[in-house]
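Before any comments, here is the structure.
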Amino acid sequence: MARNITPREKDYPQWYIDVITAAELADYAPVRGCMVIKPLGYAIWEAIHRDLDGRFKELGHTNAYFPLFIPESFLSKEAEHVEGFAPECAVVTHGGGEKLEEPLVIRPTSETIIGHMYAQWIHSWRDLPVLINQWANVVRWEKRTRLFLRTSEFLWQEGHTAHETAEEAREETLRILECYRAFAEDVLAVPVLVGEKTEAERFPGAAHTWCIEGLMQDGKALQMGTSHDLGQNFAKAFEIRFEGRNQQLDHAWTTSWGVSTRLIGALIMAHSDDDGLVLPPRIAPTLAAVVPIFKTDEEKELVLGTIRKLMVGLLGEEEVAASENRIGNDQVQKCFYNRLTEQYVIVDKRETARPGDKFYHWEQRGVPLRIEVGPRDCASGKLVVKNRLDRSKDVIDAADFTRANLDARLDAFQKALFDRGLERRAENTHEIGDYKAFCKFFKKKRGFVRCFFNPSKEAEATVKSHTRATVRLVLNANSDREGTCVFTGEPSRTEVIFGIAY
RNA sequence: CGGGGAGUAGCGCAGCCUGGUAGCGCGCCUGCUUUGGGAGCAGGAUGUCGUCGGUUCAAAUCCGGCCUCCCCGACCA
């Protein structure tokens, strides 16, 4: 058992912090609500960035960059938008030692400044669609922060598109939603529900907000991504107009969508255990850690020699030789397993730590596979493969230490992780039709509650005051099944998911 | 922003009530022995006691302001 990690059972919030600390994902910054993303945490973000970026480009989007500072007056141009964001904006009032004529808001999101630019770039239907994404930091002055889940500054991507018709904008919104779903499930191995937000939970200024929602191990819901159909709201506020095929002036239809470093929090809370971080192989910066075991100098020579041969067999002489020239290779030798995804197999050659230390070290950092090679293995031509997820230990022939073998193990790991998530979600999803039972459930338990519900701001506020639960998403606004609203008892065809959210 | 808890060596903590030259465990450094699940012995280094101010001959300790973190609320992409 890891001695530096509080078990989930004992104190879940403390466990979360302990896992982050033990895995060295992040550290607190000397500014309230801000964090430093340390190399391992950042490598995970880079992996998320790399994969999603490819998906966006595959769909036809390109990246651009807009300013961090937004003139304060821009925010006010969309009534709901300013109402939603003004309370959490950081505002710059001075620059260069002088008071600014107009204060500058540090972007909490970029709809306004991008809308302003789109108004200048878009004149004709021939200019549409505009499909731009930006990778950026944003600032939202949060009262209560949590590492990765909610910090005052965070990293994200925000896509902003403009279209000729309402249909196209809606299609774009749903296309991105599906992109997020596939990414969350296939890459992060976190099962997500997909649906629309109710008016109460909608993005300020959006016509429709769609989301992917995951269930964490403590039964709380986590919003992992949103895709907004902005209708013509921002186009009207910023006068994004174009002359159509019919020679009439019309406002463009815009969308925006984003995921953030919060996804790292989702990864931690969905997969990790009392021994520390667990990462899906498709995201893990290090796929396998090779731990040499030896006592004497002769054994050291034998074991390290054997490992070198194994690594050459796995990755080729060129890569192994290159890794030996990298700085620090006498400590932890980093060999590229996949240069495109920047994923490594490492050899932990530190002589200051003993094998047991190394086992815990890499386990806590979420490395999916551990390879042990000792004198006994060298003699028998075998090696040990330990699986981080199910803790199984396989003794395999050295000849089987191949890409095909490792890939198969990593694929099985990825699948097992996702299947475990599906099982957990199934166990923690309940259909409840009666409001008394509904309240009783949330008094004691956490999880997704599926029910019929006729959304309204008032009803949702009342339910929240009773239970702290909110509508996480509308599963189906027009169900084939006919039910009764869990709150009012009236007939309903709207199926929703309630949960207590992070 | 309201309620509760905390801040002393890298980490975890004691000391504070009852002011009087700052301690323990782990980690770290050196050496030897070790090494297949967190090693043993010996020696050693490390602190503006979160910060600013007040009381006092004297403050980690008493008083006040502020900062930061954690938990529970409120708020919230």
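Order of the sequence lines fixes the chain letters, A, B, ..., with proteins taken first and strands second; residue numbering starts at 1 for each chain.
Using a 4.0 Å heavy-atom distance criterion, Glu363(A) is classed as a base contact. Looking at heavy-atom distances under 4.0 Å, Glu372(A) makes contact with a base. Residue Pro204(A) is in sugar-phosphate contact alone, with no base atom involved, counting any heavy-atom pair closer than 4.0 Å across all strands shown. Glu158(A) comes within contact range of no nucleotide atom at all, as no heavy-atom separation falls under 4.0 Å. Counting non-hydrogen atoms under 4.0 angstrom, Phe85(A) reaches the backbone sugars and phosphates but no base. As judged by a 4.0 angstrom heavy-atom cut-off over every strand, Val384(A) is placed among the base-contacting residues. Within 4.0 Å of Thr226(A), counting heavy atoms only, lies at least one base atom of the nucleic acid.
As rounded to whole Å, 11 Å separates atom C1' of rG12(B) from atom CG of Asn4(A). Between the P atom of rG37(B) and the CZ atom of Arg370(A) lies a distance of 9 Å, rounded to the nearest Å. Counting to the nearest Å, the P atom of rG27(B) and the CD atom of Gln364(A) are 14 Å from each other. When rounded to the nearest whole Å, the span between CZ of Arg354(A) and C1' of rG38(B) equals 8 Å. As a whole-Å value, the separation of Glu298(A) CD from rU34(B) P is 13 Å. If you measure from atom OH of Tyr360(A) to atom C1' of rC26(B), you get 16 Å, rounded to the nearest angstrom.
Side-chain atoms of Arg144(A) and base atoms of rC75(B) include no donor and acceptor less than 3.5 Å apart. Between the side chain of Lys386(A) and the base of rG36(B) there is no donor-acceptor pair of N/O atoms closer than 3.5 Å. Scanning atom types as modelled, no donor and acceptor separated by under 3.5 angstrom connect the side chain of Arg3(A) and the base of rG12(B). Checked by distance alone, Asp377(A) brings a side-chain donor or acceptor within 3.5 Å of a matching partner on the base of rG36(B).
Taking atom C1' in both rG10(B) and rG5(B), one finds a spacing of 24 Å when rounded to whole Å. Distance check on atom C1': rA39(B) versus rU68(B) gives 38 Å, rounded to whole Å. Here the separation of rU56(B) from rC13(B), taken at their P atoms, is 36 Å to the nearest Å. For the P atom pair drawn from rU8(B) and rG2(B), the interatomic distance equals 25 Å after rounding to whole Å. A distance of about 36 Å separates the P atoms of rA45(B) and rU18(B), rounded to the whole Å. Nucleotides rA6(B) and rC49(B) are separated by 14 Å at their C1' atoms, to the nearest Å.
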Spell out protein contact along nucleotides 65-70 of chain B as letters: B when the base is contacted, S when just the sugar-phosphate is, - when no protein heavy atom is under 4.0 Å; keep the 5' to 3' order.
-> ---SSS

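RNA chain B is contacted by both Lys358(A) and Pro108(A); Lys358(A) maps to the nucleotide lying nearer its 5′ end (nearest heavy atom per residue). For His361(A) and Phe203(A), each mapped to the nucleotide of RNA chain B holding its nearest heavy atom, the one lying further toward the 5' end belongs to His361(A).
Among residue pairs with one or both ends in residues 361-400 of chain A, none qualify as ring-ring contact (aromatic ring centres under 6.0 Å, His included); sequence neighbours excluded.
At a cut-off of 3.5 Å, with distance as the only test, no side-chain donor of Thr145(A) or Thr151(A) sits close to an acceptor on the other residue. With 3.5 Å as the limit, one finds no donor-acceptor pair spanning the side chains of Asn4(A) and Asp18(A).
For rG7(B), the paired base is rC67(B) (Watson-Crick or G-U wobble, both distances below 3.5 Å). Across all strands shown, rC41(B) forms a Watson-Crick or G-U wobble pair, both distances under 3.5 Å, with rG31(B). As the counterpart of rU61(B), no nucleotide is assigned, since no Watson-Crick or G-U wobble pattern has both distances under 3.5 Å.
Arg370(A) forms a cation-pi arrangement with Phe359(A), by the criterion of a distance under 6.0 Å to the ring centre and an angle within 45° of the ring axis. Cation-pi contact between Lys445(A) and Phe441(A): absent, since separation from the ring centre below 6.0 Å together with deviation from the ring axis within 45° is not met.
Minimum heavy-atom separation, Pro455(A) to Thr198(A): CB-CG2, 3.8 Å.
A salt bridge links Asp348(A) to Arg350(A): at least one charged side-chain nitrogen sits closer than 4.0 Å to a carboxylate oxygen.
Not counting sequence neighbours, the partners of Ser73(A) by the side-chain hydrogen bond (donor to acceptor under 3.5 Å, both in side chains) test are Glu102(A).
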Candidate pair Asp11(A) and Tyr16(A), rule side chain to side chain donor-acceptor pair (under 3.5 Å), full reasoning = CA-CA 9 Å; Asp11(A) 185 344; Tyr16(A) 178 74; over 6 Å; no

